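Some notes on the structure that comes next.
Quick caveat: nothing in here was measured; it's all calculated off a predicted structure.
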Amino acid sequence: MQNIQTALGRHWAASAAGDQIAEHEIYHDDAVCEYPQSGEIIHGRHNLHLLRSHHPGKPSGFVVRRIVGAGNLWVTEYVISYEDKPAYTVSIMEFRDGKVARETQYFADPFTAPAWRAQWVGRGA
């Protein structure tokens with residue numbers, strides 16, 4: 001478990017820094033990454049690396065909110081910003097032999113909380 005936590009720390013730090021080589025060391029060569037909201041499936045570490053390397057913008061912010069997991073299943077919540085627009089992101093990673101075999105990422109835009117529920121909720125970050 002400690003090895004996976006260490007690998008995740010390196011992965012997210014490399015992603016935030018734009019270090020494409022270090023960012024993709026965590027993946028198996030035959031890893032699969034899915035973006036359910038767009039219907040895209042990326043097959044292989046090489047294709048994932050190329051896709052991310054060709055992103056037209058560099059992140060203007062990257063904050064890991066929390067990492068939780070056990071065994072071979074780990075979830076990271078983070079906020080990545082492009083042109084100062086935040087995207088709240090959840091990454092679900094399934095590990096095999098210490099490397100990511102499958103990842104699913106969900107992206108969500110922020111929204112204004114409706115006034116009708118204000119009496120029951122607090123405000124977060």
Derivation of the salt bridge (charged side-chain N to carboxylate O under 4.0 Å, His left out) call for Arg52 and Glu23 | CA-CA 10 Å; Arg52 290 177 177 162; Glu23 177 182 358; 3.5 Å; yes

Can you tell which of Arg45, Glu103, His49 makes a side chain to side chain donor-acceptor pair (under 3.5 Å) with Tyr27?
-> Glu103

Going from OG on Ser53 to CG on Leu48, what distance comes out if it is rounded to the nearest 0.5 angstrom?
-> 9.0 Å

Partner residues of His55 under the side chain to side chain contact (heavy atoms under 4.5 Å, CB included) criterion, sequence neighbours left out = Tyr82

Begin with the C-alpha distance, continue with both residues' side-chain angles, and end with the deciding distance and a verdict on side chain to side chain donor-acceptor pair (under 3.5 Å) for Tyr78 and Gln105.
-> CA-CA 11 Å; Tyr78 62 98; Gln105 291 188 325; 3.1 Å; yes

Do Arg102 and Phe95 come close enough that some side-chain heavy atom pair is under 4.5 Å?
-> no

State, with a plain yes or no, whether a side-chain heavy atom of Pro36 is found less than 4.5 Å away from one of Thr104.
-> yes

Using the six-membered ring wherever Trp is involved, compare the ring planes of Tyr35 and Phe107 and label them parallel, tilted or perpendicular (cut-offs 30° and 60°).
-> perpendicular

Tell me, do His11 and Met93 make a side-chain contact under 4.5 Å, heavy atoms counted?
-> yes

Might you confirm whether atom CZ of Arg117 has over 12 heavy atoms from other residues, nucleotides or ligands at distances under 6.0 Å?
-> yes

So do Leu73 and Ile92 actually touch side chain to side chain, heavy atoms under 4.5 Å?
-> yes

Under a 4.5 Å cut-off applied to non-hydrogen side-chain atoms, are Ile4 and Trp74 in contact?
-> yes

Looking at side-chain heavy atoms only, is the closest gap between Thr76 and Val64 below 4.5 Å?
-> yes

Assess whether atom CD of Glu83 is packed by more than 12 heavy atoms of other residues, nucleotides or ligands within 6.0 Å.
-> no

How about Ile42 and Val32: do any of their side-chain heavy atoms sit closer than 4.5 Å?
-> no

State plainly whether the residues Arg96 and Asp30 are in salt-bridge range, i.e. N to O under 4.0 Å.
-> yes

Do Lys99 and Asp97 have side-chain heavy atoms sitting under 4.5 Å apart?
-> no

With hydrophobic residues grouped by side-chain heavy-atom distances under 4.5 Å, do Tyr106 and Val79 end up in a single group?
-> no

OG1 of Thr89 to CD of Glu77: how many Å apart, nearest 0.5 Å?
-> 10.0 Å

Side-chain heavy atoms under 4.5 angstrom apart, residues restricted to Ile, Leu, Val, Met, Phe, Trp, Tyr: same cluster for Ile80 and Val100?
-> yes

